[in-house]
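What follows is one structure encoded as structure tokens, with my remarks underneath.
Hydrogens, waters and symmetry mates play no part in the numbers below; they use all other heavy atoms, side chains included. The first residue of the sequence shown is numbered 1, and numbering continues consecutively from there.
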Amino acid sequence: MNKFYPVDIKGMQVDLPILALPSGINIAFFNLHGNPALTEHCGKELAKIAKDCDVLLTAESKGLQLTHVVARELNQPFYAVARKSKKLYMQDGISVAYGSSITTGKNQEFYLSKHDVDLIKGKKVGIVDDVISTGESEKGLEMLVEKAGGIVYKKLFVLAEGDSKNRADVDYLATIPLL
């Protein structure tokens, strides 16, 4: 029998499947992929908080469509994307190594193209992602912003998982526990 964790995200009820990670921790798995209604709802709610950011930055892949909606709502023509592998067009960009996320369990690296570095430089940046848990991915994104010469202005998430709900430096729409 499948188990779910119910959560209210600013008026939208969602049942998140409970999944076991290789580490033995169970999580309420949040996935925007393939769910336009949920993505639109969350993106519009985050845009209300991000309205004074000059530019947005997200990490591939689950933050992409969310950030697309936020940028559209803010009439921002571009947003920056931190990639998890170096692509051909990124030869003149930057990279940072950071710790492991709760879902991958291994050390990772973020890459940013020169276009996105130029987009961020000197700007108030809103970091946008789906879930903050351990904060490792968020730290990697902060490092990219600083290396690109931008200012980490806001950190915006749909869900704060576990103890991340106690962080005063992040904004989120709802909370979920580690199970």
Are the side chains of K114 and Q91 in touch, meaning some heavy atoms are under 4.5 Å apart? no
Mind checking whether H115 and F78 have parallel, tilted or perpendicular rings, split at 30° and 60°? perpendicular
Establish, from distance only, whether the side-chain atoms of Q108 and Y98 form a donor-acceptor pair under 3.5 Å. yes
Could you check whether E136 pairs with K139 (Lys NZ or Arg NE/NH1/NH2 to Asp/Glu carboxylate O, under 4.0 Å)? yes
Around atom NZ of K165, are there more than 12 heavy atoms of other residues, nucleotides or ligands at under 6.0 Å? no
Just to verify, what does Y89 make a ring-ring contact (aromatic ring centres under 6.0 Å, His included) with, not counting sequence neighbours? none
Would you list the pairs meeting side-chain hydrogen bond (donor to acceptor under 3.5 Å, both in side chains) in which at least one residue belongs to residues 30-45, sequence neighbours left out? H33-S61, H33-Q65, E40-R72, E45-K48
Answer yes if the side chains of Y153 and D52 hold a donor-acceptor pair under 3.5 Å, and no otherwise. yes
Quick check: closest heavy atoms across I176 and A28, and the distance to 0.1 Å? CD1-O, 3.6 Å
Minimum heavy-atom distance E138-I127, with the two atoms named: O-CD1, 4.5 Å
Using the test ring-ring contact (aromatic ring centres under 6.0 Å, His included), find all partners of Y79 that sit at least two apart in sequence or belong to another chain. none
Using a strict cut-off of less than 4.0 Å between a Lys/Arg side-chain nitrogen and an Asp/Glu carboxylate oxygen, indicate whether K155 and D169 qualify as a salt bridge. yes
